[in-house]
Amino acid sequence: MKPVMLSAVQPTNKLTLGTYLGALKNWAKLQHQYDCLFFAVDLHAITARQDPKVLRENTYRAIATYLASGIDPDHCTLFVQSHVPQHAQLSWILTCYSYMGELSRMTQFKDKSSKQGQNIPTGLFTYPVLMASDILLYRTKLVPVGEDQKQHIELTRDIAGRFNNLYGEDIFTMPEPYIAPIGARIMSLQNPASKMSKSDPDLNGTLFLDDSDDLILKKVKRAVTDSGSEIVLADDKPGVKNLLTIQSAITGKSIQDIVATYVGKQYGHLKVDTAEICVQAIKPIREETERLMGDLTHLNGILKRGAESARERAQKTVALVEERLGFIPG
Ligand code: ATP
Ligand code: LTN
């Protein structure tokens, strides 16, 4: 039996080149080595206000983008979180086994709640418990995520350990983060000190997977570079480093090999080449995503199959947890 691997993205906007290189591209490879579950977390998305029409569109689009990036529903379980009610069910139970103190220490909560003003939704606070439930429902061994999510996986381990200690070591499997070697941190084109992100208000910093060829060329050509003119990998050249990393993550060539092709050349060359490489990477994903978005019946069919399989697996865990807690059978 292959070890279980699980990951998810919030359908809060269109996905970005960062999501593709940091998550989807790796998932597509990993689906052949592991028993993989990939999904779109709409329950997590509503921790921030969503327009229903936009949420619906983004959820379909996220799934279509997964498929366009090579995720194959015949090789993994592909679904939408809200289609599997066990996520919310286990989440309530685990809320009773998590502590205010540990949730208050979560960096993502501190960041996001500080931007919320007075009325901070309770869901933003308990967000990591829902994520722990996502992971623990399926006996997950590995969770491919970016650096920013490591703290949530640590918390998941703490909650799992606490619960197992009380009710039996056979209940939850201890998950571990799986951080991909390349592409783990693609930075904003406008501010190479911060992560390329789908919620960045500066649209020029982010390459969306539905950007047109022209827009991709424009954004990359306007990317912030550094002082000096030499194309080398150096910490004081974060803009250049980011473009080299993007090229490397897309082409699979090492950064050293890429740098070697730029001896005596200028930033302009690096930008033009990176822009072209990004167009080549994004164009087929954009076109395939659009094609899939034109046939929601087909997408619904894939999601139905995924949800059925996920529900069956998730229910086994919920039933075991409820039995151990002393709930009587219904
Ligand atoms: P938001 O801006 O809404 O917080 P995001 O763009 O940062 O979202 P997430 O939905 O938090 O993206 O991330 C989805 C997955 O993609 C995670 O596993 C995350 O680590 C990865 N990921 C997102 N952006 C990047 C990036 N710039 N570089 C590498 N990986 C990324
Ligand atoms: N919190 C994650 C999204 C997420 C997730 C998960 C990732 C929700 N549930 C389970 C991995 C496993 C994020 O913001 N990127």
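Ligands are counted one by one from 1 in listed order, and the atoms in each one are counted from 1 as well.
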Taking 4.0 angstrom as the limit, do K265 and E230 come out as a salt bridge?
no
Quick one: do the H152 and Q149 side chains pair a donor with an acceptor below 3.5 Å?
yes
Describe, in one word, how the ring planes of H32 and H75 are oriented to each other, choosing from parallel (under 30°), tilted (30 to 60°) and perpendicular (over 60°).
perpendicular
Would you say Y262 and D273 are linked by a side-chain donor-acceptor pair, where the criterion is simply a distance under 3.5 Å?
yes
Report, in ascending order of atom number, the atoms of ligand 1 lying under 4.0 Å from any heavy atom of D148.
20 (O)
Salt-bridged, D213 to R286, with N to O below 4.0 Å?
yes
As a check for students: among K14, K198, M196, identify the option with a heavy atom nearest to atom 6 (O) of ligand 1.
K198
Closer than 4.0 Å to some heavy atom of G22 - which atoms of ligand 1 meet that?
29 (C), 30 (N)
If we ignore angles and hydrogens, is there a donor and acceptor under 3.5 Å between the side chains of Q266 and S229?
no
May I ask you to identify the nearest protein heavy atom to atom 9 (N) of ligand 2, giving residue, atom name and distance to one decimal place in Å?
D134 OD2, 2.7 Å
Among non-hydrogen protein atoms, atom 2 (C) of ligand 2 lies closest to Q149 OE1, 3.4 Å
Check for me whether T16 has a heavy atom closer than 4.0 Å to any atom of ligand 1.
no
Side chains of K316 and Y138, donor plus acceptor under 3.5 Å:
no
At what distance is the nearest protein heavy atom to atom 1 (N) of ligand 2, and which residue and atom is it?
Y127 OH, 2.7 Å
For T12, atoms of ligand 1 separated by under 4.0 Å from a heavy atom
3 (O)
Heteroatom distance test (S197, ligand 1): nitrogen or oxygen, under 3.5 angstrom
yes
How far apart are the C-alpha atoms of F39 and D134, what are their side-chain angles, what is the distance that settles it, and do they pass the side-chain contact (heavy atoms from CB on, under 4.5 Å) test?
CA-CA 10 Å; F39 49 113; D134 293 343; 3.8 Å; yes
K112 heavy atoms, cut-off 4.0 Å: which ligand 1 atoms fall inside?
4 (O)
In terms of the angle between their ring planes, are F163 and Y97 parallel, tilted or perpendicular, with boundaries placed at 30° and 60°?
perpendicular
With only distance considered, is S7 within less than 3.5 Å of ligand 2 through an N or O on each side?
no
Per-atom contacts of ligand 2 with V143, taking only distances under 4.0 Å to non-hydrogen atoms
11 (C), 12 (C)
Atoms of ligand 2 less than 4.0 Å from V41 heavy atoms?
8 (C), 9 (N)
Atom indices of ligand 1 within 4.0 angstrom of V145 heavy atoms, with elements:
18 (O), 20 (O)
Assess the side chains of T19 and T16: does a donor N or O sit below 3.5 Å from an acceptor N or O?
yes
Are any of the N/O atoms on H152, whether in the backbone or the side chain, positioned under 3.5 angstrom from an N/O atom of ligand 2?
no
Any non-hydrogen side-chain atom of M293 less than 4.5 Å from a side-chain atom of E57?
yes
Specify side chain, backbone, both or neither for D148, according to which of its non-hydrogen atoms lie closer than 4.0 Å to ligand 2.
neither
Which of the ligand 2 atoms, numbered from 1, are nearer than 4.0 Å to a heavy atom of Q10
14 (O)
Looking just at side-chain N and O atoms, do Y99 and D158 make a donor-acceptor pair shorter than 3.5 Å?
no
Counting only nitrogen or oxygen atoms and a 3.5 angstrom limit, does A23 reach ligand 1?
no
Any N or O of G146 closer than 3.5 Å to N or O of ligand 1:
yes
Please confirm whether R185 approaches ligand 1 to less than 4.0 Å, judged on its heavy atoms.
yes
Atom indices of ligand 2 within 4.0 angstrom of L6 heavy atoms, with elements:
10 (C), 12 (C)
From Q108, K150, K195 - option closest to atom 11 (O) of ligand 1 by heavy atom
K195
Report the C-alpha distance between L78 and I63 in whole Å, list the side-chain angles of each, state the deciding distance to 0.1 Å, and finish with yes or no for side-chain contact (heavy atoms from CB on, under 4.5 Å).
CA-CA 8 Å; L78 180 62; I63 297 293; 4.2 Å; yes
